[in-house]
Amino acid sequence: MEALLFNVDSGFLEGIVRGYKAGLLTQNQYNNLTQCETIEDFRTQLSATDYGNFLANEPLPISTSTISDKATQVLVDQFNYLRSNAVEPLSKFLEYMTYAYMIDNVILIITGTLHGRNTNELLQRCHPLGVFDTMPALCVATNVEELYHTVLVETPLAPYFRDSVTAADLDDLNIEIIRNTLYKAYLEDFDAFCTSLGGPTAEIMHRILSFEADRRAINITINSFGTQLSKEQRAKLFPTIGRLFPEGNNALARADDIDQVRQACEAVAEYRAFFDASGTVGGGARPNGTGHGGGSESTANLLGDLGDDLGGGAADLEDRFFVHEVHLNKLAFLQQFQYAVFYSYIKLKEQEIRSLTWIAECIAQNARDRIHDYIPTF
């Protein structure tokens, strides 16, 4: 039934986003980039792709942060074009996609306020996809109590804050707990919205959001080892969606070490492979735990410094998460007449930007031995 009326409102934008997807870097283009000797060569190679001359006006030497920022701006411009032409319910779907970035931005500003930093400077560090019209109002707050009430009144995140966070919770010890509490509420709300849309959108988005929820549950569990976070508090941070819910989540809540985390994930074949020490993921990079990604940054940070306590190491586990996320997002493009392609394109583009930044960093530091440690998209 969705095929009958989908194109009336959303067919044009689906065609646009599939065109954007065709412009993602191919393996041959990645190979060309890894052969570059200097950042100037890197810029020249990128100019032959869909990125075009986006670095043409940048003076040499170009920093890797500049490359990341400019590439992210390309993504933001594409997203804003899609959003400005969307109508309900696609416009609401795209708005939900920005909430993850808003959470990271608001947490960044709260952290800055706790440490007495200039919040106007913090605004410059916020992810552009998470910027909302009333964000400058947060800079007016002079203390945590005032900031909390401003967030409740001025931001789209008010329902998540109101239901799960109080002003007394806003301190250094609780800031990561607050971040994960907000993400839990966000993922559950987004999944409920996608379910209300029905059809292939609900099916594909539930699969993608379920993996994101399970990844967060695993990361929260691993990161809580050796901390003051109780098992009861840990369990409250787990989203109530996902393939591990409820049995796997209950097992994760009781876990005391990595082996018990592995056992909790045994029931899901794909997750079992994440802990397979002999498995390979086609790249063991740290590039993918950096930068913005609608929560990717915070989930990567949750891993902490586990060293070699885990199969192939914490970084290797996070890379396997990213590889599987890329796989799920690529599958979204196999079906038509659904909104998941918009979400998946943004996630694939973010992974591409992380890989570009990694390759550029290796070139800048002459670390040729690690330049292939990236995760390609196509």
Side-chain angles (χ1 to χ4, degrees), residues 1-18 20-21 78-79 82-83 85-104 129-130 132 156-160 163-164 180-217 238-246 248-249 268 270 293-296 298-299 321 324-351:
M1 190 62 189
E2 63 277 352
L4 200 59
L5 301 173
F6 182 89
N7 285 343
V8 174
D9 291 326
S10 305
F12 168 70
L13 290 181
E14 185 187 8
I16 291 292
V17 81
R18 287 181 181 274
Y20 287 159
K21 173 253 184 183
Q78 292 175 341
F79 181 83
L82 295 171
R83 193 175 183 184
N85 286 279
V87 298
E88 291 285 355
L90 177 56
S91 58
K92 184 66 175 176
F93 180 88
L94 296 177
E95 183 180 333
Y96 264 105
M97 288 171 55
T98 65
Y99 288 172
Y101 305 94
M102 288 184 192
I103 291 173
D104 283 338
L129 284 182
F132 45 91
L157 303 176
Y160 307 147
D163 296 338
S164 54
N180 287 291
T181 302
L182 294 175
Y183 264 108
K184 164 185 158 69
Y186 160 67
L187 287 174
E188 292 169 358
D189 191 27
F190 194 10
D191 184 65
F193 173 74
C194 293
T195 301
S196 72
L197 295 177
T201 298
E203 174 191 342
I204 299 170
M205 284 305 299
H206 180 70
R207 183 167 63 229
I208 293 172
L209 293 176
S210 291
F211 170 68
E212 179 61 28
D214 290 340
R215 171 166 65 176
R216 298 195 72 84
F238 296 161
T240 56
I241 59 174
R243 299 176 67 182
L244 292 177
F245 178 78
N249 281 9
V268 182
E270 292 91 335
S296 295
S298 56
T299 51
F321 286 154
H324 189 64
E325 181 184 42
V326 166
H327 173 68
L328 291 178
N329 287 317
K330 286 164 68 174
L331 290 181
F333 285 90
L334 299 181
Q335 285 184 256
Q336 285 184 291
F337 312 121
Q338 39 87 12
Y339 297 148
V341 289
F342 296 92
Y343 180 93
S344 293
Y345 171 72
I346 298 299
K347 292 301 181 184
L348 289 173
K349 190 70 171 178
E350 287 178 338
Q351 180 59 56

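Basis for what follows: all heavy atoms, side chains included, without hydrogens, waters or symmetry-related copies.
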Looking only at non-hydrogen atoms, find the nearest pair between [X] and [Y] and report the distance.
{"X": "F333", "Y": "L348", "answer": "CE1-CD1, 3.8 Å"}
{"X": "Y339", "Y": "F93", "answer": "O-CE2, 3.4 Å"}
{"X": "L187", "Y": "I241", "answer": "O-CD1, 3.8 Å"}
{"X": "D214", "Y": "G242", "answer": "OD1-CA, 3.5 Å"}

Just checking, any donor-acceptor pair under 3.5 angstrom between side chains of Y96 and D189?
-> yes
Kindly compute the distance separating [atom1] ([X]) from [atom2] ([Y]), expressed to the nearest 0.5 Å.
{"X": "F132", "Y": "E95", "atom1": "CZ", "atom2": "CD", "value": "11.5 Å"}
{"X": "F193", "Y": "T201", "atom1": "CZ", "atom2": "OG1", "value": "9.5 Å"}
{"X": "E14", "Y": "L82", "atom1": "CD", "atom2": "CG", "value": "11.5 Å"}
{"X": "F321", "Y": "E212", "atom1": "CZ", "atom2": "CD", "value": "10.0 Å"}
{"X": "R83", "Y": "M97", "atom1": "CZ", "atom2": "CE", "value": "9.5 Å"}
{"X": "K349", "Y": "S344", "atom1": "NZ", "atom2": "OG", "value": "15.0 Å"}

For residues L94 and T98, determine if any side-chain heavy atom of one lies less than 4.5 Å from a side-chain heavy atom of the other.
-> no
Indicate yes or no: at least one non-hydrogen side-chain atom of L90 is less than 4.5 angstrom from one of L13.
-> yes
Donor-acceptor pair, side chain of [X] and main chain of [Y], under 3.5 angstrom:
{"X": "Q351", "Y": "I346", "answer": "no"}
{"X": "E188", "Y": "P239", "answer": "no"}
{"X": "Q338", "Y": "Q335", "answer": "yes"}

Cation over ring, K184 on F238, under 6.0 Å and within 45°?
-> no
Would you please test L157 and L182 for side-chain contact (heavy atoms from CB on, under 4.5 Å) and show each step?
-> CA-CA 9 Å; L157 303 176; L182 294 175; 5.6 Å; no
Would you check, one step at a time, whether the test side-chain contact (heavy atoms from CB on, under 4.5 Å) holds for R215 with E325?
-> CA-CA 10 Å; R215 171 166 65 176; E325 181 184 42; 3.2 Å; yes
Evaluation steps, side-chain contact (heavy atoms from CB on, under 4.5 Å), between Y183 and Y160 = CA-CA 9 Å; Y183 264 108; Y160 307 147; over 6 Å; no
Verdict with reasoning, Y345 to F79, per side-chain contact (heavy atoms from CB on, under 4.5 Å) | CA-CA 10 Å; Y345 171 72; F79 181 83; over 6 Å; no
Please list, one pair per line, the donor and acceptor atoms closer than 3.5 Å that link side chains of residues 203-211 to other protein atoms, with sequence neighbours excluded.
{"unit_1": "H206", "atom_1": "ND1", "unit_2": "D191", "atom_2": "OD1", "d": "2.9"}
{"unit_1": "H206", "atom_1": "NE2", "unit_2": "S210", "atom_2": "OG", "d": "3.4"}
{"unit_1": "S210", "atom_1": "OG", "unit_2": "H206", "atom_2": "O", "d": "2.6"}

